[in-house]
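Below you'll find the structure, written out as structure tokens, and then a few comments.
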Amino acid sequence: MDYIMLLQKILVVSFTVVFFWKLIKYMWGFLNIEKEPVTVLVTGAAGQIGYAIVPMIARGAMLGPDQPVILHMLDIEPAAEALNGVRMELIDAAFPLLKGVVATTNAEEACKGVNIAVMVGGFPRKEGMERKDVMSKNVSIYKAQASALEKHAAEDCKVLVVANPANTNALILKKFAPSIPEKNITCLTRLDHNRALGQISERINVHVGDVKNVIIWGNHSSTQYPDVNHATVATSSGEKNVRELVADDNWLNSEFITMVQQRGAAIIKARKLSSALSAASSACDHIRDWVLGTPKGKWVSMGVYSDGSYGIQPGLIYSFPVTCEKGEWSIVQGLKIDEFSRAKLDATEQELIEEKALAYSCLN
Ligand SMILES: NC(=O)c1ccc[n+]([C@@H]2O[C@H](COP(=O)([O-])OP(=O)(O)OC[C@H]3O[C@@H](n4cnc5c(N)ncnc54)[C@H](O)[C@@H]3O)[C@@H](O)[C@H]2O)c1
Ligand SMILES: O=C(O)C[C@H](O)C(=O)O
């Protein structure tokens, strides 16, 4: 009897809560109360990824179709005219969600009040240049931009570094923006994650949306480890393991890995330019899932500050499987790592340790 009364009470309370929640949401829509705009910074905005990503942001692909945005676009002086062209096109496109545009070559102005910073600007490797020269240029760019974010961005600003070497640029940014919480500084490996999903879907002829939980471990470079050991595919008879469906461990352990690792180079060979639309779209995926949350039962890959999970040296920006909730990511724990995977996790960690040492040597 007591149980029945308790159950009735629970049902009445739940019904009332749901009813009032729906009523509030309805009234909100009815009164047409708009959300406060979120300010998004895109550096390198006159470049290829910049040109692809700003309309995506202005259309709601990053923060949702009901989230107004203000775009801050930064580039360097030689690109000022092109940057102004992008600003003109944004105005011409008349995006309903776009509440303001700032196009500037002044980092301090660009960083003012920024809630989300997408760092695409950087110094590309040119013919005949040593790794150290490229690193040294990017270290000084990320040091300066970190200081501008530190001084002018919103306190809870979330940062995504896209420009290569993405993990190490993010690490330098973290070092020189000590008041930005370390959990708010990340780098892009979602493109590699999406590439891995795409390759599996092509191989077994299923829709890419039915494949989930691949992992990119480590560096956004050719040492990254695309891991399918925990990945599944939704089928009419339930979720099936990717290894079971592909039924070709040889392919998964060699050709598949190399294909994902080298995909960036393959795009450069084909387009004579590096990936831009897929990079822009994946950067939107990264921020959207971080801010709005990952769907239940699904994880994504993000380059985040290592806390020592899976034996990875703390203090590196390393790509892990993460889930996101209420604007915070957490590393998925407890996944079984076999011997083959262990060696791959360690190899990409080693490359990041060396990159960190090289970057720090450029600070001297
Ligand atoms: N992490 C990833 O998955 C991923 C994928 C693709 C490309 N990338 C990297 O993203 C970066 C951008 O690629 P892109 O194709 O747009 O290059 P791009 O050369 O077309 O554009 C780069 C832009 O950055 C600007 N820039 C240079 N120094 C700057 C500075 N100090 N401040 C602000 N802007 C500055 C340049 O003027 C240029 O407009 C590259 O480093 C590329 O290697 C990363
Ligand atoms: O710009 C590059 O070198 C390649 C890029 O990082 C990519 O993965 O497409």
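All ligand and atom numbering here is 1-based and tracks the order in the structure.
Taking 4.5 Å as the limit, some side-chain heavy atom of Ser306 sits within range of a side-chain heavy atom of Ile312. Contact check for Val54 versus Met73: side-chain heavy atoms found under the 4.5 Å cut-off. Side-chain contact between Val233 and Glu239: absent, with no pair of heavy atoms (C-beta onward) separated by less than 4.5 Å.
Summarising the contacts of atom 42 (C) of ligand 1 with Ile76, Asn138, Ile268, Asn164, the nearest heavy atom is found in Asn164. Comparing heavy-atom distances from atom 27 (C) of ligand 1 across Gly122, Ser278, Gly44, Gly121 singles out Gly122 as nearest.
For ligand 1, the atoms closer than 4.0 angstrom to any heavy atom of Ala163 are 9 (C), 10 (O), 11 (C), 41 (O). Contact atoms of ligand 1 toward Gln145: 30 (C), 31 (N), 32 (N), 33 (C) (distance under 4.0 Å to a heavy atom of the residue). Atom numbering of ligand 1 starts at 1 in the shown order; those under 4.0 Å from a heavy atom of Gly47 are 20 (O), 21 (O), 39 (O). In summary, the atoms of ligand 1 found under 4.0 Å from a heavy atom of Ala46, numbered by their order in the structure, are 39 (O). Close contacts between ligand 1 and Ser274 involve ligand atoms 15 (O) [criterion: under 4.0 Å to a heavy atom]. Of all atoms in ligand 1, numbered sequentially from 1 with element shown, those under 4.0 Å from a heavy atom of Ser275 are 5 (C), 6 (C). In summary, the atoms of ligand 1 found under 4.0 Å from a heavy atom of Ile141, numbered by their order in the structure, are 31 (N).
What you find for Asn241 and Asn229 is that their closest heavy atoms are ND2-O, 3.9 Å. Of all non-hydrogen atoms in Val42 and Gly50, the two that sit nearest each other are CG1-CA, 4.4 Å.
Residue-level proximity to ligand 1 for Leu191 is carried by the side chain, the only part with a heavy atom below 4.0 angstrom. Counting heavy atoms closer than 4.0 Å to ligand 1, residue Ala279 contributes side-chain atoms (C-beta onward) but none from N, CA, C or O. Under 4.0 Å from ligand 1, the heavy atoms of His220 that appear belong solely to its side chain.
Judged by the 6.0 Å distance and 45° axis criteria, Lys356 is positioned over the aromatic ring of Tyr360. A cation-pi arrangement is present between Lys158 and Trp290, with the terminal nitrogen or guanidinium carbon under 6.0 Å from the aromatic centre and inside a 45° cone about the axis.
Looking at atom 7 (C) of ligand 1, its nearest protein heavy atom turns out to be Ile49 CD1, 3.4 Å. Among protein heavy atoms, atom 11 (C) of ligand 1 sits closest to Val120 O, 3.4 Å.
No donor-acceptor contact under 3.5 angstrom links the side chains of Gln261 and Arg195, judged on distance only. For Asp285 and Ser282, the side-chain atoms include no donor-acceptor pair closer than 3.5 Å. One side chain, Arg243 or Asn253, offers a donor N or O that lies under 3.5 Å from an acceptor on the other.
At a 3.5 angstrom cut-off on N or O pairs, Val162 counts as close to ligand 1. Inclusion of Gln48 in the set of residues having an N or O under 3.5 Å from an N or O of ligand 1 is warranted. Ligand 1 has an N or O atom lying under 3.5 Å from an N or O atom of Asp75, backbone or side chain.
Judged as a side-chain hydrogen bond (donor to acceptor under 3.5 Å, both in side chains), and not counting sequence neighbours, Asp210 has no contacts. In terms of the side-chain contact (heavy atoms from CB on, under 4.5 Å) criterion, Glu36 has no residue partners (sequence neighbours excluded).
The residues lining ligand 2, counting any heavy atom closer than 4.0 Å, are Asn164, Arg195, His220, Gly264, Ile268, Ser274, Ser275.
Leu352 pairs with exactly one of Ile317, Thr223, Thr168 by the side-chain contact (heavy atoms from CB on, under 4.5 Å) rule, that one being Thr168.
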Review item, side-chain donor-acceptor pairs of residues 327-334, under 3.5 Å, at least two apart:
{"residue": "Trp329", "atom": "NE1", "partner": "Lys183", "partner atom": "O", "Å": "2.8"}
{"residue": "Gln333", "atom": "NE2", "partner": "Ser309", "partner atom": "OG", "Å": "3.0"}

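At a distance under 4.0 Å, a protein heavy atom can be found next to atom 37 (O) of ligand 1. For atom 17 (O) of ligand 1, the nearest protein heavy atom is 4.0 Å or more away.
Taking the six-membered ring where tryptophan is involved, the planes of Trp251 and Phe256 are tilted, since the angle between them lies from 30° to 60°.
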